[in-house]
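Quick note on labels: first sequence line is chain A, next is B, and so on, each numbered from 1.
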Amino acid sequence: MTNLETKITALLQDALKEAYDLDRPIHIETPKDKENGDFSTNLAMTLARDLRKNPLEIGETIVAHIEKPDFITKIDVKRPGFINFHIAQSALHDLIPTILTMQEAYGSSDMGKNRHYNIEFVSVNPTGDIHVGHARGAAAGEAMSRILKKAGFAVTKEYYVNDGGNQIHNLVLSIQARYYQHFNKEATLPEDGYHGKEITNLARTIAEEHGNRFLKEDGYAYFRKTGVERLLDGIKQDLANLGVTFDIYFSEASLYEENKVEETVKTLIDQGFTYEKDGALWLKTSDYGDEKDRVIVKSDGNYTYLTPDIAYHRVKLSRGYDKLIDILGGDHHGYIDRLKAAIAMLTGEADKVEIDILQMVKVIQDGQEVKMSKRSGKAITLRDLIDEAGKDAIRYFFARHSLNTHMDLDLDLAIRKSTENPVFYAQYAHARIVTLLKKAQRERDLKPDPAIKDYSALEDEHVKTLLGTLNTYPAVIEEAASKRLVHRVTHYIHTLASHLHAYYSHVPIIVEDDQVTVQALNVLKATKIVLKDALELIGVDAPDSM
RNA sequence: GUUCCGGUAGCUCAGAGGAUAGAGCAACAGCCUCCUAAGCUGUAGGUCGAGGGUUCGACUCCCUCCCGGAACGCCA
């Protein structure tokens, strides 16, 4: 809630007390239509039933008990019962020096109270290049982490490296087969092998570095270590190019090395959460909300995917986080119940684990859907997409939509660097501001001055709208963080840019009067600070010129 | 069959109890002797998948159904 909303809420609470001797929660909203004021409340309508009176009448009665402060120019009651507050632009003027002084700290809040969140995302198996289907999770997780930090949470970003399971065995066999083929020895890839060209390249590199020695000796261990390392390095590099980094890369294999999986299974057995059937060990997840029980030790003695993942979440919880957030693809939604069930058994803290599901991205090329699979190697890599479309366009694109949206990514469109791409709209607003600030400095030796308090020369509806938007930034951050909706920030960016463009187009910034010019420069500088900060949250650069 | 998402303007998507349902792109009509026109201004475009229900009020909540995507392994 903004300062002004807090003040208006207080006014309403007092008036409600006086008029009806009632104490109710006050809901303040910002009307879409400026005709309906700057803030409004549905209070009168919510009371209509209890009081058995017409909402308009109730509204008028409440308003009659409000002593109108200076910052409010008008209060009116409109059908069907809204109470609308029109505020003076001057009420927003304090905001300008505030933002200029706080700079990028503006919009931060202590909502998170420094609670520590661990957020796990991407976690793509190191069995090949990362592809565009993974980029959505990467963009979402990174942006969400930054927003949470901005809202006062401590955040650890984590990537779970599946370097322990059967898929790595298949990876090694795939590398080995390609290595043999490199020396013209007959070899076939395993049935579940990886056919991507990056595997062929990797085998060739190994051949160049080590010659044919692995034809004579067993290369399994070397292929395994080198394969995972280099493929993971490639993934890290691609993510870094997308502006996505992690604090922790957690190795699944390390769980085995430290007996964490074994310990976890033993604990589950000891506490009576398991039973044997058909030669396998089952976990009674159905007692904890799962639709059926799950196997954790297969009849061949191996673990299922779930087993080390339970151990992994147990390890994460033991580090003392207040919450674990997993961002998973929509194809994993059926996995949630069993994981949470297992965590409930072990710790009773299943509510500390929250799983955000993002729907899969359908990639369209030449009007046709491109099905992606790492095994087949038929995938459009993230690297190619970044090369062609650029980091900013990709980040903006993914940050625009709710995680629930089933998105179509039209590659032909994404690659086009035209006005069709809305990222430029926001970046252009920033570049325009910088251009003006430079021009004023160069030609008139004028620059923004946070000491200025008087903005009366700037009375204008475009300025007022712009300031009103700047005013809501902290509330936008809090909402985006608490509801975990990254796209709220992106929509805010668009709105802010649009009001900046409108202001720029209708009102001359650099004018004859130095003082008035500096006042306007202050508004621009404040806008620039917020725009750049918000863009930073979603991982988009704010260029000085375009 | 069960579970999870989605169905809103020609297209891509916001909105999640309130006012005349909004943006971008595409379409149409204007605006550069003037701080970058990657911009601004205006017009047009909607049975919010369908039908019931709850409510003073439903695109929003509940139920049923239709369509699309995903998942329902001792795969990962």
Side-chain angles (χ1 to χ4, degrees), chain A residues 27 29 31-33 35-36 40-42 45-46 48-49 52 54-55 78-82 84 125 127 162 164-168 170 192 252 277-282 291-292 294-309 329-337 357-360 362 369 374-375 397 400-410 413 417-429 431-440 443 462 483 485 487-488 490-491 494-495 497-498 500-511 517 520 524 545-546:
Chain A
H27 177 68
E29 53 194 302
K32 291 164 209 149
D33 191 339
E35 293 266 306
N36 293 323
S40 71
T41 181
N42 62 352
M45 289 181 285
T46 62
R49 192 175 188 182
R52 293 192 182 173
N54 182 322
K78 277 195 182 168
R79 191 186 51 81
F82 288 99
N84 297 329
N125 295 346
T127 53
N162 290 115
N166 199 42
Q167 75 281 1
I168 297 297
N170 285 323
D192 289 325
E252 180 194 352
K277 193 180 89 180
D278 305 330
L281 188 69
W282 295 70
E291 62 172 315
K292 55 185 264 198
R294 308 289 171 178
V295 169
I296 54 172
V297 182
K298 296 188 263 181
S299 53
D300 67 3
N302 288 314
Y303 298 121
T304 58
Y305 180 83
L306 174 65
T307 318
D309 206 21
D331 53 344
H332 287 82
H333 88 266
Y335 185 73
I336 299 173
D337 287 346
I357 290 295
L358 57 85
Q359 296 305 319
M360 324 271 313
K362 191 198 279 183
E369 180 176 355
K374 244 176 17 180
R375 291 217 162 109
F397 178 77
R400 280 178 82 194
H401 307 305
S402 151
L403 293 185
N404 288 337
T405 304
H406 298 256
M407 289 172 54
D408 285 0
L409 172 60
D410 186 330
L413 211 73
K417 286 183 182 159
S418 70
T419 52
E420 285 169 47
N421 198 326
V423 70
F424 300 119
Y425 183 82
Q427 292 183 315
Y428 187 50
R432 270 187 154 168
I433 293 172
V434 173
T435 302
L436 284 182
L437 292 175
K438 280 185 183 163
K439 182 182 162 74
E443 295 179 0
H462 293 102
K483 297 184 179 169
L485 300 174
H487 68 284
R488 286 293 159 81
T490 315
H491 283 269
H494 187 268
T495 304
S498 118
L500 183 279
H501 284 309
Y503 175 37
Y504 175 96
S505 302
H506 291 97
V507 185
I509 307 296
I510 299 174
V511 293
T517 303
L524 289 196
S545 66
M546 287 174 74

Novice: Taking 5.5 Å and 30° as the limits, would you call Phe82(A) and the base of rG18(B) a stacked pair?
Specialist: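 So Phe82(A) does not count as stacking on the base.
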Novice: Residues in side-chain hydrogen bond (donor to acceptor under 3.5 Å, both in side chains) with Asn42(A), at least two apart?
Specialist: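 Partners of Asn42(A) under the side-chain hydrogen bond (donor to acceptor under 3.5 Å, both in side chains) test: none.
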Novice: Given that Ser545(A) and Tyr335(A) both sit by RNA chain B, which one's nearest nucleotide is further toward the 5' end?
Specialist: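 Here Ser545(A) is the residue nearer the 5' end.
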Novice: Verify the distance criterion only: is there a donor paired with an acceptor across the side chains of His501(A) and Arg432(A) at less than 3.5 Å?
Specialist: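 The answer is yes; a qualifying pair exists.
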Novice: Can you name the residues that form a side chain to side chain contact (heavy atoms under 4.5 Å, CB included) with Val434(A), not counting sequence neighbours?
Specialist: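 For Val434(A) the side chain to side chain contact (heavy atoms under 4.5 Å, CB included) partners, ignoring immediate neighbours, are His430(A), Lys438(A), Lys528(A), Asp544(A).
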Novice: Measure from NE2 on His401(A) to P on rG22(B) and round the result to the nearest Å.
Specialist: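 To the nearest whole Å, that distance equals 21 Å.
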Novice: What pairs of nitrogen or oxygen atoms, one from the protein and one from nucleotides 65-68 of chain B, lie under 3.5 Å apart?
Specialist:
from    : atom 1 : to        : atom 2 : distance (Å)
rG68(B) : N2     : His406(A) : NE2    : 3.4

Novice: How would you list, by chain and number, every residue that makes a salt bridge (charged side-chain N to carboxylate O under 4.0 Å, His left out) with Arg294(A), sequence neighbours excluded?
Specialist: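 Counting only residues at least two positions away or on another chain, Arg294(A) forms a salt bridge (charged side-chain N to carboxylate O under 4.0 Å, His left out) with Asp290(A).
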Novice: Taking protein heavy atoms under 4.0 Å as touching, what does nucleotides 40-45 of chain B look like 5' to 3' if B marks base contact, S marks sugar-phosphate-only contact and - marks none?
Specialist: SS----
Novice: Applying side-chain hydrogen bond (donor to acceptor under 3.5 Å, both in side chains), name anything that partners Lys439(A), two or more places apart in sequence or on another chain.
Specialist: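 Partners of Lys439(A) under the side-chain hydrogen bond (donor to acceptor under 3.5 Å, both in side chains) test: Glu443(A).
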Novice: May I ask you to say what Asn404(A) touches in the nucleic acid, namely base, sugar-phosphate or nothing, with a heavy-atom cut-off under 4.0 Å?
Specialist: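 Counting heavy atoms under 4.0 Å across all strands, the contact made by Asn404(A) is with sugar-phosphate only.
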Novice: Without decimals, in angstroms, what is the distance between His487(A) NE2 and rG6(B) C1'?
Specialist: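 These atoms are roughly 14 Å apart.
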Novice: Does Met546(A) offer a backbone N or O that forms a donor-acceptor pair with the side chain of Gln427(A) under 3.5 Å?
Specialist: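 No, the answer is negative, given that no donor and acceptor are paired below the 3.5 Å cut-off.
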Novice: Determine the minimum heavy-atom distance between Leu409(A) and Phe397(A), stating which atoms define it.
Specialist: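 Smallest interatomic distance, heavy atoms only, reads CD1-CE2, 3.5 Å.
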Novice: Counting the atoms with a prime plus P, OP1 and OP2 as sugar-phosphate, which does Arg488(A) contact under 4.0 Å by heavy atoms, base, sugar-phosphate, or nothing?
Specialist: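 It contacts sugar-phosphate atoms only.
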Novice: Atom CG of Asn302(A) and atom C1' of rG73(B): how far apart are they, to the nearest Å?
Specialist: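 Atom CG in Asn302(A) sits about 15 Å away from atom C1' in rG73(B).
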Novice: If the condition is side-chain hydrogen bond (donor to acceptor under 3.5 Å, both in side chains), which residues does Thr307(A) pass it with, not counting sequence neighbours?
Specialist: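 Partners of Thr307(A) by the side-chain hydrogen bond (donor to acceptor under 3.5 Å, both in side chains) criterion, ordered by chain and then number, come out as Thr304(A).
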Novice: Map Phe397(A) and Lys292(A) onto RNA chain B by nearest heavy atom, then report which one ends up closer to the 5' terminus.
Specialist: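 With Phe397(A) and Lys292(A) compared, the 5'-side residue is Phe397(A).
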Novice: Report the residues that fulfil ring pair (Phe, Tyr, Trp, His ring centres under 6.0 Å) with His27(A), sequence neighbours left out, ordered by chain and then residue number.
Specialist: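 For His27(A), no residue satisfies ring pair (Phe, Tyr, Trp, His ring centres under 6.0 Å) once neighbours in sequence are set aside.
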Novice: Excluding sequence neighbours, so at least two apart, what forms ring pair (Phe, Tyr, Trp, His ring centres under 6.0 Å) with His491(A)?
Specialist: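 With sequence neighbours excluded, His491(A) shows a ring pair (Phe, Tyr, Trp, His ring centres under 6.0 Å) to His487(A), given in chain and number order.
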Novice: Give the stems involving RNA chain B, where a stem is 3 or more consecutive Watson-Crick or G-U wobble pairs (i with j, i+1 with j-1, and so on) under 3.5 Å.
Specialist: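 Consecutive-pair runs (3 or more) involving RNA chain B: B:1-7 with B:66-72, B:10-13 with B:22-25, B:27-31 with B:39-43, B:49-53 with B:61-65.
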Novice: Check the distance between rG22(B)'s C1' and Asp33(A)'s CG and give it to me in whole angstrom.
Specialist: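 These atoms are roughly 12 Å apart.
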Novice: With 3.5 Å as the limit, what N/O pairs link the protein to nucleotides 1-4 of chain B?
Specialist:
from   : atom 1 : to        : atom 2 : distance (Å)
rU3(B) : O2     : His333(A) : NE2    : 3.0

Novice: Could I get the full list of side-chain hydrogen bond (donor to acceptor under 3.5 Å, both in side chains) partners for Tyr425(A), not counting sequence neighbours?
Specialist: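 Tyr425(A) satisfies side-chain hydrogen bond (donor to acceptor under 3.5 Å, both in side chains) with no residue once adjacent residues are dropped.
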Novice: Pro31(A) near the nucleic acid: base, sugar-phosphate alone, or nothing, with a heavy-atom cut-off under 4.0 Å?
Specialist: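 Base contact - Pro31(A) has a heavy atom under 4.0 Å of at least one base atom.
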